[in-house]
2 protein chains.
Amino acid sequence: MSKSCIRVFADVEQIQQCKEEINKVTPSIATVAKALSLSGNEVRLKILYLLSKETKLCPCDLSDILEMTVPAISQHLKKLREGGLVTSEKVGQTVFYSLVEENIQVIRPVLASLFNGSKKEQVI
Amino acid sequence: MSKSCIRVFADVEQIQQCKEEINKVTPSIATVAKALSLSGNEVRLKILYLLSKETKLCPCDLSDILEMTVPAISQHLKKLREGGLVTSEKVGQTVFYSLVEENIQVIRPVLASLFNGSKKEQVI
DNA sequence: TTAATATTTAAGCAACTACTTAAATAACGA
DNA sequence: TCGTTATTTAAGTAGTTGCTTAAATATTAA
């Protein structure tokens, strides 16, 4: 922290510029990072992917499809809902979850890339 | 788990289809989720953003810009490197980090959206 | 060689995650 | 009403994360 880089080539101006730039985007970064960290979980990414394919699904469906307990699914859905990425609608005793289109924009391209049948494997 | 949804309206065929579909994309999902979870940390997203702006930066620069200790930065860079999102090049005693273009594709659109000066705040 | 700089690594730790099982809540039909 | 189904909530827990400080490594220059 703080006691600044003393490197010969440290470009003080560049660093100052970056600090200002980063301050400007910090609010958006926080928002985006939140969405990415929600989508960065394999189970939740699968849920988002499935919702983008099927439009709406209930916890029970997701439990069957992903072969996980209902409470586990429910807790993931809760996080997605609180993060604004999905919304829910109760019909009888069934709760249908669906994507919140405006807030899913950030990861739209990601989901889109998954639609192309898992080609182009990345080395990660 | 398992003991399948008994809902009246459970669409057994839909669920079966989804299971097959999800099995197909699971490898890509895992890869993408890994990249997203790396980018889903505010500090690392800032690092990626800065690298996309400045092409290359050293831990010392990043420490100055983000006002964090060098070890903290170094540990984030290590994760990004191990995840294949950045690469490093040593010049003298300085190590320059830069983006790995092919592996950063997943989050390119995300970074691009940040370039437009933090407008369009998402409710999240 | 010695001292200084740049970076990484290691160990410790508080906070968070993602599951588990059990219990609570809500809607439905007999 | 009672029993069943769908979902959520709660409590417990193992594993992970992101920092801290201290020490190790590597490069440079006097």
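First the proteins, then the strands, lettered A, B, ... as listed; each starts at 1.
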Of the options [options], whose atoms approach the side-chain atoms of [X] most closely?
| X | options | result |
| --- | --- | --- |
| B/Lys79 | D/dA22, D/dC19, D/dG18 | D/dG18 |
| A/Val70 | D/dT27, C/dA18, D/dT7 | D/dT7 |
| B/Lys90 | D/dA26, D/dC19, D/dA22 | D/dA26 |
| B/Thr94 | D/dT8, D/dA22, C/dA6 | C/dA6 |

Whole angstrom is fine here: how far is it from [atom1] in [X] over to [atom2] in [N]?
| X | N | atom1 | atom2 | result |
| --- | --- | --- | --- | --- |
| B/Leu62 | D/dC19 | CG | P | 13 Å |
| B/Ile73 | C/dT8 | CD1 | C1' | 14 Å |
| A/Leu80 | C/dA18 | CG | P | 10 Å |
| B/Lys78 | D/dT17 | NZ | C1' | 14 Å |
| A/Met68 | C/dA18 | CE | P | 10 Å |
| A/Leu38 | C/dA18 | CG | P | 9 Å |
| A/Lys56 | D/dT7 | NZ | P | 13 Å |
| A/Glu82 | D/dT9 | CD | C1' | 12 Å |

Between B/Leu77 and A/Val91, name the one whose nearest nucleotide on DNA chain C is closer to the 5' end. B/Leu77
DNA chain C: A/Gly92 or B/Ser74, which has the more 5' nearest nucleotide? B/Ser74
For [X] versus [Y], what's the shortest heavy-atom pair and its separation?
| X | Y | answer |
| --- | --- | --- |
| B/Leu45 | B/Ser39 | CB-O, 3.4 Å |
| A/Asn103 | A/Leu85 | O-CD2, 3.3 Å |
| B/Ser52 | B/Arg108 | CB-NH1, 3.8 Å |

Hey, does the side chain of [X] come within less than 4.0 Å of [N]'s phosphate (OP1/OP2), counting only N and O?
| X | N | answer |
| --- | --- | --- |
| B/Asn41 | D/dT17 | no |
| B/Thr69 | D/dT20 | yes |
| A/Tyr97 | D/dA6 | no |
| B/Arg44 | D/dG18 | yes |

4.5 Å side-chain heavy-atom contact, B/His76 and B/Asn41: yes
Transitively linked via ILVMFWY side-chain contacts under 4.5 Å: A/Val110 with B/Val100? no
Mark yes or no for a side-chain to base donor-acceptor pair under 3.5 Å between B/Gln93 and D/dT25, with no hydrogen or angle criteria applied. no
Looking only at N and O atoms, is any donor in the side chain of A/Gln75 or the base of C/dT20 less than 3.5 Å from an acceptor on the other one? yes
